[in-house]
Amino acid sequence: MNTDGFKASGPIGVFDSGYGGLSVLREIQKRLPQYDYLYLGDNARAPYGTRSFDIVYRFTLEAVRYMFERGCHLVILACNTASAKALRSIQQNDLPLIDPDRRVLGVIRPTVEKVGEITRSGNVGLVGTPGTVKSQSYDMEIAKLYPDFHLYSQPCPMWVPLVEYKEFDSPGADYFVKQELDRLMSRQPGIDALILGCTHYPLLYDKIVKYVPGSVSIISQGKITADSLADYLNRHPEMEVKCSKGGNTTYLTTENPEKFADLAAVFLDRSVDVEHAELSC
Ligand code: DGL
């Protein structure tokens, strides 16, 4: 680890395989504007959603180490696929060896905690990448917190590419969004809460709303994660003092910065400067 990693305070890291985490970062910046942030999108190796466990774990660990080296003491995996496939191993096996005082948090637990406040029927739908659905991470968290609930999961392999290729407003998006939601709702018409279990999906929100019954509450992760981070920092003053407060965000991508800036502007509703980051492969 280089000397940056040992600075007394540093930015809060926000990681995603690509652009999706920006939907989370945006809400975090709104809720906690006083902190500095370091966003990293591993666009050169995205999407993660169709990759194997081992690969997602290795890529995520490389990203976390890199963010620690850039001075982060706390990293949020703003990616369901990375949270599902890598978070537990990193927390349990890697952090004690790298630095037991640093923390990595994910998006799945806070989302599931919220579900209990929203569903009346206990029939909960989940849309996510094939990797997130296959990991059964949501099933396990739901079973732990709400053993009486039933989770119905629908993998949506086309939704991330629709967003990444800026097709989220197109008739093609209507076709694929309707197709997956019809499949999900036909399995359990009593679903009354739908988790958007992928940070890319808020960009498909207008389409999703069109194709689920009005009785279904849609659970999007940006605000939930921001509230959960605020709560975490309140409960952990020893970490809070290590988060630098300048209100600045650095945006990094492992792909081409201009290309990243182009779609980042859609997620953030404003343009930003982006730098290239080189992770070891
Ligand atoms: N944004 C990521 C998530 O929340 C998925 C994107 C990908 O497949 O890389 O799961």
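Just follow the structure's listing: the first ligand is 1, and inside any ligand the first atom is 1.
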Does ligand 1 have any N/O atom under 3.5 Å from a protein N/O, and what are those pairs and their distances?
{"unit_1": "ligand 1", "atom_1": "1 (N)", "unit_2": "Asp16", "atom_2": "OD1", "d": "3.2"}
{"unit_1": "ligand 1", "atom_1": "1 (N)", "unit_2": "Thr199", "atom_2": "OG1", "d": "2.9"}
{"unit_1": "ligand 1", "atom_1": "1 (N)", "unit_2": "His200", "atom_2": "ND1", "d": "2.9"}
{"unit_1": "ligand 1", "atom_1": "4 (O)", "unit_2": "Asn80", "atom_2": "N", "d": "2.9"}
{"unit_1": "ligand 1", "atom_1": "4 (O)", "unit_2": "Asn80", "atom_2": "ND2", "d": "3.2"}
{"unit_1": "ligand 1", "atom_1": "4 (O)", "unit_2": "Thr199", "atom_2": "N", "d": "2.9"}
{"unit_1": "ligand 1", "atom_1": "4 (O)", "unit_2": "Thr199", "atom_2": "OG1", "d": "3.2"}
{"unit_1": "ligand 1", "atom_1": "8 (O)", "unit_2": "Tyr48", "atom_2": "N", "d": "3.4"}
{"unit_1": "ligand 1", "atom_1": "8 (O)", "unit_2": "Gly49", "atom_2": "N", "d": "2.8"}
{"unit_1": "ligand 1", "atom_1": "9 (O)", "unit_2": "Ser17", "atom_2": "OG", "d": "2.6"}
{"unit_1": "ligand 1", "atom_1": "9 (O)", "unit_2": "Tyr48", "atom_2": "N", "d": "2.6"}
{"unit_1": "ligand 1", "atom_1": "10 (O)", "unit_2": "Asn80", "atom_2": "N", "d": "3.3"}
{"unit_1": "ligand 1", "atom_1": "10 (O)", "unit_2": "Thr81", "atom_2": "N", "d": "3.1"}
{"unit_1": "ligand 1", "atom_1": "10 (O)", "unit_2": "Thr81", "atom_2": "OG1", "d": "2.7"}

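No hydrogens or angles considered: a donor-acceptor pair under 3.5 Å links the side chains of Asp174 and Tyr211.
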Salt bridge (charged side-chain N to carboxylate O under 4.0 Å, His left out) between Arg183 and Glu180, intermediate numbers included: CA-CA 5 Å; Arg183 284 178 180 154; Glu180 304 298 9; 3.1 Å; yes
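For residues 190-200, the side-chain hydrogen bond (donor to acceptor under 3.5 Å, both in side chains) pairs, not counting sequence neighbours, are Thr119-Asp192, Ser121-Asp192, Glu164-His200.
Heavy-atom contacts from other residues, nucleotides or ligands closer than 6.0 Å to OH of Tyr175 number 12 or fewer.
For Tyr251 and Tyr37, the ring centers are positioned 6.0 Å apart or more.
The pair Asp227-Lys223 meets the salt-bridge criterion, since a charged nitrogen lies less than 4.0 angstrom from a carboxylate oxygen.
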